Amino acid sequence: MVNLTDQYILIPTDFSEVCENAINHAIKIATSSQSKLLLLHLLDKTSKSKLKKEHLDIEYIENKLVEKCNNIKEKHSIRVEYEIAEGKTSDIPQYVYKYNAVLMVLGTHGKKGLQYLWGSHALKIVLNSIAPTLIVQDDSMPKEFKRILFPVSNFTEPRQKVNITIALSNIFKSTIYIFKQEQKYIDTEHKIKIITDQIENEFHRFKIPIHTFQSYSNKNFDSEILKFTDEIDPDLLVIVTNSDIYSPSFNHTAWDEKMMFNSTKTPVLMVNPVITGSIDYIYNGLF
């Protein structure tokens, strides 16, 4: 199982309000999990030009980060470090790898906001991270993840998000809401039943309470998820990225972005799929 204790949570920051919101969400997790925060500020050509124009230097950035770290330590008694480096926003996933971070947290105003903040590589940052990424919208209040929505479909590998979900559930004493996609064909229905049974058994093994529901339709599962989100008001939605958008039961809209920028502004934990057996990010016994 993924262990967050003594591990890094990475938060890229440019000192904007959306980044401040991401830091606050990370603080909530770190306070409960005894993990440590790493604030990352990358200097690109634009930011260096702005500093020069305002007659400031890197010491100004460092002072702001030191002040922020000290403030977090005093208020929350958690460990926090920072790094300043030259690079582009697309380099952010390298620092997830460098610090072996178990989680990255990104803040957003929504689709336009995130693209403005991180440039056109917003989704690439998420998809290139070896660790799950928590996307939080700008005005979402940091809170404990007591109610976690866990979709299960035939176009992603849902078992690969079980480990991190169990870790968060143990921290926050969560209840898991499994939401299965209705299947049109018997073979895929049988496949989903086997997968769901395995997932339920693993949650039961860790004594995590679960409720299982099925979607109303076998079409447009992304819309079904968002409708169900409206109904149960979860604190967190957990998805696997890189889904097959050409599945006949799938709405041909970018799955990842639709979940990231959901209208309910529910925080979304995005887990990248890995090749079976290549990384021990999936629990033993399912494959």
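What you see is a predicted model; the values in this text were computed from it and never measured. We use all heavy atoms of the structure for the numbers below, so side chains are in, but hydrogens, waters and symmetry mates are not.
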Would you mind reporting whether [Y] and [X] have side-chain heavy atoms less than 4.5 Å apart?
X	Y	result
Thr266	Gln137	no
Asp222	Leu226	no
Leu43	Leu51	yes

Subject >> All ring pair (Phe, Tyr, Trp, His ring centres under 6.0 Å) counterparts of His211, not counting sequence neighbours >> reply: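 Partners of His211 by the ring pair (Phe, Tyr, Trp, His ring centres under 6.0 Å) criterion, ordered by chain and then number, come out as Tyr177.
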Side chain of [X], backbone of [Y]: donor and acceptor closer than 3.5 Å?
X	Y	answer
Ser174	Phe145	yes
Thr212	Phe179	no
Thr165	Lys161	yes
Asn154	Ile192	no

Can you confirm whether more than 12 heavy atoms, excluding those of [X], are under 6.0 Å from its [atom1] atom?
X	atom1	result
Ile186	CD1	no
His190	NE2	no
Gln34	CD	no
Glu67	CD	no
Glu231	CD	yes
Phe213	CZ	yes
Lys48	NZ	yes
Lys73	NZ	yes

Any carboxylate oxygen within less than 4.0 angstrom of a Lys/Arg side-chain nitrogen, looking at [X] and [Y]?
X	Y	value
Lys143	Asp235	yes
Glu20	Lys68	yes
Asp197	Lys193	yes

Subject >> Between CZ on residue Phe203 and CD1 on residue Ile176, distance to nearest 0.5 Å >> reply: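 One finds 5.0 Å between CZ of Phe203 and CD1 of Ile176.
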Quick check: closest heavy atoms across [X] and [Y], and the distance to 0.1 Å?
X	Y	result
Cys19	Pro12	SG-O, 3.8 Å
Met259	Val268	O-CG2, 3.1 Å
Leu42	Ser47	O-OG, 4.1 Å

Original post:
Does NZ or CZ of Lys64 fall inside the cone over Phe15's six-membered ring, less than 6.0 Å from its centre and within 45° of the axis?
Top reply: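 Output yes; distance and angle both within limits.
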Original post:
If we ignore angles and hydrogens, is there a donor and acceptor under 3.5 Å between the side chains of Glu81 and Tyr99?
Top reply: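 No, because no side-chain N or O of Glu81 sits under 3.5 Å from a partner of the opposite role on Tyr99.
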